[in-house]
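Single-structure report; data block below.
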Amino acid sequence: MSEGIKDRAEHGLSEAAARSRASVLRSRAESYIALSRHDAAIADLTEAIALVPDSARAWRLRGESHRVLERYEAALTDFDESLKLEPDNAYALGSRGQTYAAMGRMEEAMTDFEHALTITPDSLWILEAKADALVDLDRLDEALDEHAKIIALNGEQPYPWVARGDLYQRLDLYAEAIDDYTKALALDPAHVRALSRRGEALRMIDRYEEALADLNRALELDPGNDRALGSRGAVLSELGDNEAALRDLDQAIELDPEYVWAYRVRGEILQELDRHEEAVADFTQALHLEFGD
């Protein structure tokens, strides 16, 4: 007796009734997922799968909930089952690719993303996931190509410009990064990340007053933004206001006690002020956080 038939028998359900119940359970699970109630979704989907094991959708949805909860091995098992039933389901392929990427299995992730994009070449979330995987593989020129596709499809939104700006900044292409952040801000002048990241890019090319204006605005909009505080602290130090810089860096570290870069910058300022014991403490903490010393 198959597991599905056995489970139906235990519930006293006909096949038609079992399929009807499983359908409602799957639908309720989707609402649970929309509410981020993933354990509840998994419970419903587990029962649905027991009743009707041949539902690719149920396996796929449960896999997605496991992925969101970082239960990656369970997610892989579910996506594998879903793809046995529907080998060309782009959603399942993309989600399995994201799972592989989260596990550091980047080549397998790329295989899934590329397969999914042969089916739905304009899927923004899969293009974004593929671009992120290419960055992790240090294939940065290819990642830029993916970002260009995303912008061509969705350039009326600020996020794609910010994402490519971040990649340009990683490549030390600050003028290009600033241009992309500026395009994002033309679409949304209150986009905090675009302001913060443009401020950091401006700092890197010594345009400190402009950087300070961007970072001040970012912090007006989001006073608890630890990265903007860290960047502004570095800018204020370059402008000669070390005490204000230390206040920003203190706050950034209070918000994120594992903010390695902020410890390094604060240590350098403390060193400049001849506060060497405190500088040593900051450099020691930076080494511990980054290298486990």
Q) Got a salt bridge between Arg197 and Glu200, using NZ or NE/NH1/NH2 to carboxylate O under 4.0 Å? A) no
Q) Is the number of heavy atoms from other residues, nucleotides or ligands under 6.0 Å of Asp293 CG greater than 12? A) yes
Q) Any donor-acceptor pair under 3.5 Å linking the side chain of Trp59 with the backbone of Thr77? A) no
Q | Minimum-distance pair of heavy atoms, taken over all atoms of Ile150 and Pro160 | A | CG2-CB, 3.9 Å
**Q.** Backbone N/O of Ala16 and side chain of Ser20: donor-acceptor pair under 3.5 Å
**A.** no
Q) What's the shortest heavy-atom distance between Arg203 and Tyr208, and which atoms? A) O-CE2, 3.6 Å
Q) Under 3.5 Å, side chain of Ser237 to main-chain N/O of Ala234, donor-acceptor pair present? A) no
Q: State whether the number of non-hydrogen atoms from other residues, nucleotides or ligands found under 6.0 Å of Glu114 atom CD is greater than 12.
A: yes
Q | Rounded distance [0.5 Å steps], CZ in Arg217 versus CG in Leu212 | A | 14.0 Å
Q. Is Glu86 paired with Arg60 through a side-chain N to carboxylate O contact shorter than 4.0 Å?
A. yes
Q) Is it the case that more than 12 heavy atoms not belonging to Glu277 sit under 6.0 Å from its CD atom? A) no
Q. Can you check whether Asn89 reaches Arg57 side chain to side chain, under 4.5 Å on heavy atoms?
A. no
Q. So does Glu220 have more than 12 non-hydrogen atoms from other groups sitting under 6.0 Å from CD?
A. yes
(Q) If you count every heavy atom of other residues, nucleotides or ligands that lies below 6.0 Å from Arg264 atom CZ, does the total exceed 12? (A) no
Q: In plain terms, say whether Asp179 and Arg164 are close enough for a salt bridge, that is, a side-chain N and a carboxylate O under 4.0 Å apart.
A: no
Q) Do Leu202 and Glu209 have side-chain heavy atoms sitting under 4.5 Å apart? A) no
Q: Please lay out, stage by stage, how Asp166 and Tyr168 fare under the test side chain to side chain donor-acceptor pair (under 3.5 Å).
A: CA-CA 5 Å; Asp166 289 349; Tyr168 277 136; over 6 Å; no
Q: Inspect the contact between Asp39 and Arg71 and indicate whether a charged nitrogen and a carboxylate oxygen are less than 4.0 angstrom apart.
A: yes
(Q) Is the terminal nitrogen or CZ of Arg193 (NZ for Lys, CZ for Arg) located under 6.0 angstrom from the six-membered ring centre of Tyr159 and within 45° of that ring's axis? (A) no
Q: Answer yes or no: is there a donor N or O on one side and an acceptor on the other, between the side chain of Ser82 and the main chain of Asp78, under 3.5 Å?
A: no
Q: Kindly determine whether Arg247 and Glu243 satisfy salt bridge (charged side-chain N to carboxylate O under 4.0 Å, His left out), including the steps that lead there.
A: CA-CA 6 Å; Arg247 286 194 295 272; Glu243 291 307 318; 5.4 Å; no
**Q.** Heavy-atom side-chain proximity of Tyr32 to His38 below 4.5 angstrom
**A.** no
